[in-house]
Structure formats: C-alpha cells, structure tokens
> 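I'd like to ask some things about the structure below.
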Amino acid sequence: MCGIVGYIGHRKAYKVLMKGLHRLEYRGYDSAGIALMKENGTLNVYKSKGKVADLEAKATGQEVDGTIGIAHTRWATHGEPNEKNAHPQVSESGRIALVHNGTIENYAVLKKALAQHGYVFSSDTDTEVLVQLIDYIQTTNGCRLIDAIKEALKQVEGAYAIAVMERGNPNTLIAARKSSPLVIGIGNGETFIASDVTPIVGYTDKVIYLNDNEIAEITRPSYLKIQSLESGENSKLNIQTLRMSVEQLEKGGYETFMLKEIFEQPYTLRDCMRGRITDNGRRVVLSGVLENRERFLQAHRIVIVACGTSWHAGLIGKRIIQELCCLPVEVEYASEFCYGHPQITDRDIVIALSQSGETADTLSAVQLARSKGAFVYGICNVVGASIPRNTDSGTYIHVGPEIGVASTKAFTGQVTVLTLLALCVARAGNDYRRYGL
C-alpha cells in the first residue's frame with residue numbers, strides 16, 4: 001500500500017508533499033522519504049523509518065527549499081523497513097531520484113548485470129535496481145532522462161508506478177505506470193503526481209489518470225506530454241473533474257476514519273440508490289444494464305471477479321442474481337482467474353468488482369475476459385479509474401472516498417448495486433417475456 005506524491009510549480013514543494021504524505025497515511029506504511037530540488041539544481045533527500053512525523057523531525061533544520069519534489073510512504077517488500085530501503089532511491093551517481101510502487105520481478109537479473117558494470121548497491125530494494133538501470137542507460141547513451149526511462153522500462157518485468165527527478169534539472173518531472181495506479185493533477189501553473197487523488201484534493205479538481213504503459217513528461221511552467229511506452233505515440237489528454245471535497249478526507253469529529261465510515265453508511269447508501277429507483281419504488285433503472293439489455297437477457301452465465309472484501313460482496317451478489325434472474329453465477333477470486341484457464345465465451349457477462357477500480361488482479365481479469373469476447377461490466381467507486389475505463393459498461397457505487405483500511409461503506413455499496421442490478425435485469429426479463437420486447 002505504498003504512496004506516491006510529486007509536485008512541480010510555484011509553491012514550496014516541501015509543504016505540499018508533506019501534506020500529501022499525511023493524507024496517504026491511511027494506506028499503512030513503515031517508512032517515508034522526500035526528495036527536493038533547489039532552483040540551482042541541488043538535490044536534497046531525507047528518509048526515515050517510521051511515520052511521516054519522524055520524517056518531518058528528520059527534515060527539521062535541514063535545507064527544504066525548492067518548488068519541485070517527490071515523496072513516498074513505503075510498505076516493505078524488498079528488504080526490511082529501515083532508512084536505506086526507504087524511498088526515494090537515488091542512483092550511485094547521486095543524479096537521479098525515484099519513488100516506486102509495485103514490484104520489479106526481474107530485478108535480480110538486472111542487478112547482477114549492473115554489478116558487472118561496476119554499480120554498487122546500498123539497499124535491498126528492487127527500486128534501487130531500476131534507478132541504477134536508468135542511470136546506466138543515460139550515462140552510456142548520453143540521452144535525455146525521459147529517453148533513458150523509456151528504455152529502462154522496456155527491460156523491466158513487473159508492475160510499477162514511478163516518479164523521477166534529475167539533479168540539475170529543476171524544471172522536469174517524469175511519471176510512468178504499469179499495473180499500478182498513478183494520477184496527475186492539473187493546477188494553475190503547477191502539476192501534481194499521486195498514487196491516488198487524496199493528496200491532490202484542495203489544490204485542483206482537474207486530473208488525468210495515466211493508463212497502463214504510459215509515460216508523462218511534466219515541464220515547468222505548465223507543459224505536459226503523455227506518450228504510449230509501446231507505440232511512442234502521444235496520448236490524448238483526457239482531463240476529468242474530481243467530485244471530492246477536503247471535508248470528505250477529514251474525520252469529521254470521529255476518532256478514526258473507520259468509525260466515520262461506519263456511521264456514513266446510511267447516507268452513502270442513499271447516494272448509491274439516488275436516481276436509480278423510480279415509480280415510487282416499483283422500478284430500478286441502471287442505464288448500464290438497460291442500454292445493454294439484450295446482452296444480459298441472452299447471457300449464458302455471469303462470472304463475478306474480485307479480490308478481498310469485494311469478493312465477499314460478490315458471493316452475496318451471486319445468491320441474489322441467481323434467485324431473481326434465474327441465471328447461473330460464478331464468483332472467481334481475480335488473482336486466480338487468469339491462471340485457471342477460464343472457459344469464457346462471448347455469451348458470458350463478467351462483472352468486475354473493485355472499490356478503487358485499480359486492483360491489479362481484477363484489471364488483469366477484465367483484460368482477459370475482453371480478449372475472449374465476454375461483455376465486461378464494472379462496479380467501482382472511483383470515477384475514471386482503470387477498471388471503469390477498460391470495461392464495456394458499468395455502475396459507480398458513489399459512496400465517497402474510503403480511507404479506513406477495513407472496508408465498510410464500499411462493501412455495502414457493492415452489495416446494494418449488485419442487488420439493483422439483479423432487480424433491473426429481472427424486470428427487463430419479465431418485460432421481455434410479457435410484451436415480447
């Protein structure tokens with residue numbers, strides 16, 4: 001559950017980044033770090049084991065000037081939680097700093113190859129291997145940072161969301177993603193990078209969600225270019241408007257976010273159902289279902305794919321859909337779905353459940369199902385996330401940001417939407433049989 005924050009603009013980056021790290025604390029983490037660059041190109045990096053407050057104490061009295069920077073909260077995967085393994089990881093030359101969410105699966109092979117070229121490693125992380133690889137490519141080829149990153153990412157296997165900065169280049173940030181979420185916030189003469197929108201809220205409501213295999217070059221004062229890592233072609237800038245307030249990210253008088261979200265459920269369920277139940281409660285209207293009524297009515301079966309709490313919501317949805325719609329329903333754990341050689345056809349409907357819309361295993365299941373011709377329906381909470389963008393249709397649960405780690409309102413929202421879906425399909429089937437529609 002690592003978190004990324006990046007900033008380039010006219011504000012003091014330190015304050016923006018620290019505020020963002022605090023907003024990401026709900027994810028859980030064991031260390032934190034920040035890299036800042038002064039106008040003269042000097043790069044300062046501070047890291048600490050423990051909480052963001054420990055990082056702030058470490059940076060007290062240090063040089064924290066600069067209007068460009070990257071920061072990170074880390075949940076240890078490669079290497080124990082300590083200062084040397086915290087992000088940002090910096091190349092041996094001290095030129096390149098990088099923060100990273102995800103896992104580089106072939107890091108051991110790359111690390112061995114780089115060691116043969118004289119690189120010495122100071123951490124146990126796969127992330128340091130990536131930043132050293134970028135440094136090696138740039139040094140060997142004398143190329144720009146973005147070109148070195150593109151080449152490095154062609155050589156790595158695994159998942160990543162990264163933000164990169166280069167000493168002596170205080171006007172450029174680079175970001176890229178594959179199977180790990182990353183969002184760019186567009187402000188007035190300033191740009192934000194984050195692993196989710198929570199650090200961005202309050203600064204701007206204009207965001208771009210990077211797609212898989214995309215890289216973004218952000219240059220001061222306000223230039224942004226996004227390219228496909230596969231084709232090299234420029235991507236269209238799909239700017240979306242956030243519908244989230246700072247108040248939603250605060251505890252609102254409750255001791256914890258968990259308590260807040262438990263007690264929010266009567267209101268969030270009302271929001272979830274608003275506009276979807278008509279005729280004094282006699283009809284359910286889900287546009288995603290009604291616009292694809294024939295696909296639902298002619299489906300041979302429904303397969304629900306999800307992970308964790310969403311999987312449990314799917315189990316409840318299975319019983320409701322089978323009872324009301326007389327359709328066979330299967331529930332698959334998304335992390336196992338792709339490895340079980342699923343017999344999916346174009347007569348199947350695959351429902352993908354995810355609060356964030358960025359669950360990597362569920363996204364992989366979506367892509368596999370689409371490749372087999374299935375109609376894929378997404379049920380998510382975060383507007384504009386990867387799963388909604390990669391499905392044929394779907395429904396948002398509209399329960400607001402879920403910051404408590406244990407799911408409450410997202411679970412009840414998913415069960416509610418699955419119930420509404422079952423009622424809508426059942427009614428459409430009855431109308432079809434009754435009127436020959």
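Since this is a predicted model, take the numbers as computed values, not measurements.
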> Measure from the side-chain N and O atoms of N106 to the backbone N and O of E157, and report whether any donor-acceptor pair falls under 3.5 Å.
yes

> Taking atom types as modelled, find out whether Q414 and S310 have a side-chain donor-acceptor pair closer than 3.5 angstrom.
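The criterion, which ignores hydrogens and geometry beyond distance, is satisfied for S310 and Q414.
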
> For residues 369-378, tabulate all N or O donor-acceptor pairs below 3.5 Å that involve a side-chain atom, not counting sequence neighbours.
unit_1	atom_1	unit_2	atom_2	d
R370	NH1	N390	O	2.8
R370	NH2	D392	OD1	3.3
S371	OG	L368	O	2.6
Y377	OH	T395	OG1	2.5

> What are the two closest non-hydrogen atoms of R274 and D271, and how far apart are they?
NH1-OD1, 2.7 Å

> For T127 and Q89, which I'm curious about, is there any donor-acceptor pair between the side chains at under 3.5 Å?
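There is no such pair between these side chains.
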
> S407 and T309: side-chain donor and acceptor closer than 3.5 Å?
no

> Could you walk me through whether R177 and S386 pass side chain to side chain donor-acceptor pair (under 3.5 Å), step by step?
CA-CA 11 Å; R177 70 156 283 184; S386 295; 2.9 Å; yes

> Who are the salt bridge (Lys or Arg N to Asp or Glu O under 4.0 Å) partners of R270, not counting sequence neighbours?
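Applying salt bridge (Lys or Arg N to Asp or Glu O under 4.0 Å) to R270 gives none.
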
> Between N381 (side chain only) and G400 (backbone N and O only), is there a donor and an acceptor less than 3.5 Å apart?
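Indeed, once roles are kept as given, a pair shorter than 3.5 Å links the two residues.
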
> Go through the steps to decide whether Y26 and F257 satisfy the test ring-ring contact (aromatic ring centres under 6.0 Å, His included), and finish with yes or no.
CA-CA 9 Å; Y26 76 92; F257 280 110; 7.6 Å; no

> Does V289 offer a backbone N or O that forms a donor-acceptor pair with the side chain of N292 under 3.5 Å?
no

> Looking only at heavy atoms, which two atoms of L17 and G69 are closest? And how far apart?
CD1-C, 3.5 Å

> Specify the closest pair of heavy atoms between I184 and I200, including all atoms of both residues, with the distance to one decimal.
C-CD1, 4.4 Å

> What I want to check is whether the side chains of T172 and R144 have a donor and an acceptor closer together than 3.5 Å.
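No, no side-chain donor-acceptor pair sits under 3.5 Å.
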
> Strictly below 4.0 Å, N to O, side chains only: are K84 and D124 in salt-bridge contact?
yes

> Under the criterion salt bridge (Lys or Arg N to Asp or Glu O under 4.0 Å), I'd like the reasoning laid out for K51 against D54: C-alpha separation, chi angles, the key distance, then a yes or no.
CA-CA 5 Å; K51 301 299 183 183; D54 298 315; over 6 Å; no

> Quick check against the 3.5 Å criterion: does R301 have a side-chain atom that pairs as donor or acceptor with the backbone of V329?
no

> I'd like to know if the side chain of Q248 and the backbone of P401 have a donor-acceptor N/O pair within less than 3.5 Å.
no

> Start with the C-alpha distance between Q265 and T412, add both sets of side-chain angles, then the distance that settles side chain to side chain donor-acceptor pair (under 3.5 Å), and finish with yes or no.
CA-CA 8 Å; Q265 288 177 102; T412 51; 3.1 Å; yes

> Quick one: closest heavy-atom pair of L130 and L153, and the distance?
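Of all heavy-atom pairs spanning L130 and L153, the closest is CD1-CD2, 4.3 Å.
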
> Is the backbone N or O of E358 less than 3.5 Å from a side-chain atom of S356, with the two atoms forming a donor-acceptor pair by type?
yes

> Give a yes or no answer on whether the side chain of Q355 reaches the backbone of A410 with a donor-acceptor pair at less than 3.5 Å.
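Checking the backbone N and O of A410 against the side chain of Q355, no donor-acceptor pair under 3.5 Å is found.
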
> Is any NZ, NE, NH1 or NH2 atom of the basic residue among E255 and K251 found under 4.0 Å from an Asp or Glu carboxylate oxygen of the other?
no

> Measuring from C2:SG to L24:CG, what's the distance to the nearest 0.5 Å?
10.5 Å

> Ion pair present between K47 and E83, side-chain N to carboxylate O less than 4.0 angstrom?
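Not counted as a salt bridge, because no side-chain N and carboxylate O are separated by less than 4.0 Å.
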
> Between Y29 (side chain only) and V52 (backbone N and O only), is there a donor and an acceptor less than 3.5 Å apart?
yes

> Please confirm whether the backbone N or O of K49 pairs with a side-chain atom of S31, one donor and one acceptor, at under 3.5 Å?
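No.
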
> When you measure from the side chain of Y107 to the backbone of E128, do you find a donor-acceptor pair of N or O atoms at a distance under 3.5 Å?
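Not a single qualifying donor-acceptor pair exists.
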
> Any side-chain donor-acceptor pair under 3.5 Å between Q132 and S91?
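Looking only at side-chain atoms, S91 and Q132 do not form any donor-acceptor pair under 3.5 Å.
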
> Which heavy atom of D361 sits nearest to which heavy atom of S335, and what is that distance?
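Result for this residue pair: OD2-CB, 3.3 Å.
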
> Quick one: do the N188 and H10 side chains pair a donor with an acceptor below 3.5 Å?
no

> State whether a side-chain donor-acceptor pair under 3.5 Å links E214 with S235.
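S235 and E214 do have a side-chain donor-acceptor pair below 3.5 Å.
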
> Looking at A13 and I68, what are the two nearest heavy atoms and their distance?
CB-N, 3.6 Å

> Indicate whether the side chain of T125 and that of R74 have a donor and an acceptor atom separated by less than 3.5 Å.
no

> Under a 3.5 Å cutoff, is there a donor and acceptor pairing between the side chains of E190 and Y7?
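E190 vs Y7: donor-acceptor pair found between side chains.
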
